[in-house]
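This report concerns only the one structure given below.
The figures that follow rest on heavy atoms only: side chains count, while hydrogens, waters and symmetry mates do not.
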Amino acid sequence: MDVDPAVQIRTEPVAFTLHEDGLTTSHETTGATVADALGEAGVALDKADVVVPSGETPLSPGMHVYVRYARRIAVRSGGRETEIRTQAATVGEALVGAGVDVQPTDTVTPSRMTRVSNGLVVALTTVREAKESQDTAIAHDTVYRYDGNLSNGTHVITQAGADGYVRKDYMVTQINGLEVSREALGETTVPPTSEIVSIGTAAAATPSPQPTVTTPDGSQCSRTVTVWSTYYTAASAGGSRTATGTGVYKGIVAVDPRYIPLGTRMYIPGYGYGLAADTGGGVKGWWLDVAYGADDAKDWYSHYVDICILP
């Protein structure tokens, strides 16, 4: 059988000295390594124990082997007990080395600076403060608005709704993971946004019959329209000149140029032929203000009238 030349096979025992936490004993072994020798000497090791030189080191005659056993301590916190095996010198170092989260607000008994001894019991009381928020939703409402620009019965969401909320902030204190106090810090309200739904009310457009206007000389109308008509004089207008520079006399008509351009010729039943040559602050839209001279018979009254726009 082939033997790995790196492995030493002893046939005669060799002596070595074992130092265990200050206790010194002499032993003989046929083991090739420190670990073999310790096993023959009945030394059981935990992963937290320290061996110098290491267990893989080949054993030589007269070697001194040092074993420093980890100390066992119990940590009690919140009704639970955890065992820690450590080489740390103090309680604080042992807790940190074991990955225990210890904060400055926590209470450790005995204190963090206490020297670690085997079988020591450590009482840990954790004290934690944390800010916590609780949100209460405020549902948004829906507002309906009627819109004459939308077709009858049409529903259009013109503003999306969004819920609001009331947020309450607290400072929460826990001891060993259990809440012991809750202090209100403040409250913030974010109001909801209403959903707005527009409902159309406009009826479908239907063609209206074209008014018929007959001129005295039989002239053809380029179009006929229905307007609201009033009358005015130079005295009532506060001036004897029109917007185009003419005088104020019968046959001059004040218009809204956005609807009837200045210079437009027309026939107005009950009044006669007219020329769009003036404007007025109150003449808006489909509105005519027919003029009279100072000596004219003012036989006009305010009413709707169908007029003929001449080519």
Main chain of [Y], side chain of [X]: is a donor-acceptor contact present, judged purely on distance under 3.5 Å?
X      : Y      : value
Gln103 : Val127 : no
Thr244 : Ala277 : yes
Thr279 : Ala254 : no
Glu187 : Val166 : no
Asn118 : Arg72  : yes
Asp278 : Ala243 : yes
Asp49  : Ala70  : yes
Ser60  : Met63  : no
Ser77  : Leu124 : yes

Fill in: Tyr259 and Trp286 aromatic ring geometry - parallel, tilted or perpendicular at 30°/60° bounds
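Perpendicular: the ring planes of Trp286 and Tyr259 meet at over 60°.
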Item to complete: Determine the interplanar angle of the His19 and His64 rings, folded into 0 to 90°, and report it as parallel if under 30°, tilted if 30 to 60°, perpendicular if over 60°.
Response: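 Answer is parallel, since the angle falls under 30°.
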Worksheet item: side chain to side chain donor-acceptor pair (under 3.5 Å) between Thr230 and Asp289: does it pass, once the steps are laid out?
Response: CA-CA 5 Å; Thr230 55; Asp289 205 9; 2.7 Å; yes
Any side-chain heavy-atom pair from [X] and [Y] closer than 4.5 angstrom?
X      : Y      : result
Asp101 : Arg128 : yes
Thr136 : Gln134 : no
Tyr267 : Pro216 : yes
Arg145 : Ile196 : yes
Ile138 : Thr189 : yes
Arg258 : Lys284 : yes
Glu40  : Thr30  : yes
Val67  : Asp21  : no

Discussion item. Would Thr29 and His27 count as a side chain to side chain donor-acceptor pair (under 3.5 Å) here? Give the steps.
Written reply: CA-CA 7 Å; Thr29 181; His27 300 269; over 6 Å; no
Worksheet item: When clusters are formed by joining ILVMFWY residues with side-chain heavy atoms under 4.5 Å apart, either directly or through shared neighbours, do Trp287 and Ile309 land in the same one?
Response: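 No, no single cluster joins them.
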Worksheet entry | Path from Leu310 to Leu275 over hydrophobic side-chain contacts below 4.5 Å |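 No, Leu310 and Leu275 fall in different hydrophobic clusters.
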Worksheet item: Side chains of Asp299 and Tyr292: do they bring a donor and an acceptor to under 3.5 Å?
Response: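 Side-chain D/A pair, Asp299 to Tyr292: present.
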Worksheet item: Taking atom types as modelled and ignoring hydrogens, do the side chains of Thr107 and Thr125 form a donor-acceptor contact shorter than 3.5 angstrom?
Response: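 Distance-only check fails for Thr107 and Thr125.
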Worksheet item: Looking at Thr109, Val108, Thr114, which one forms a side chain to side chain contact (heavy atoms under 4.5 Å, CB included) with Arg112?
Response: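 Exactly one candidate clears the test, Val108.
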Practice prompt. Salt-bridge test for Asp296 and Lys250: reply yes if a basic N is under 4.0 Å from a carboxylate O, no otherwise.
Written response: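 Salt bridge flag = no for Lys250 with Asp296.
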Worksheet entry | Tyr273 vs Asp217, side chain to side chain donor-acceptor pair (under 3.5 Å): CA-CA, chis, key distance, verdict | CA-CA 11 Å; Tyr273 291 97; Asp217 61 1; 2.9 Å; yes
Worksheet item: Taking only residues two or more places apart in sequence, or in another chain, which ones meet Glu132 in a salt bridge (Lys or Arg N to Asp or Glu O under 4.0 Å)?
Response: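 Residues passing salt bridge (Lys or Arg N to Asp or Glu O under 4.0 Å) with Glu132: Arg182.
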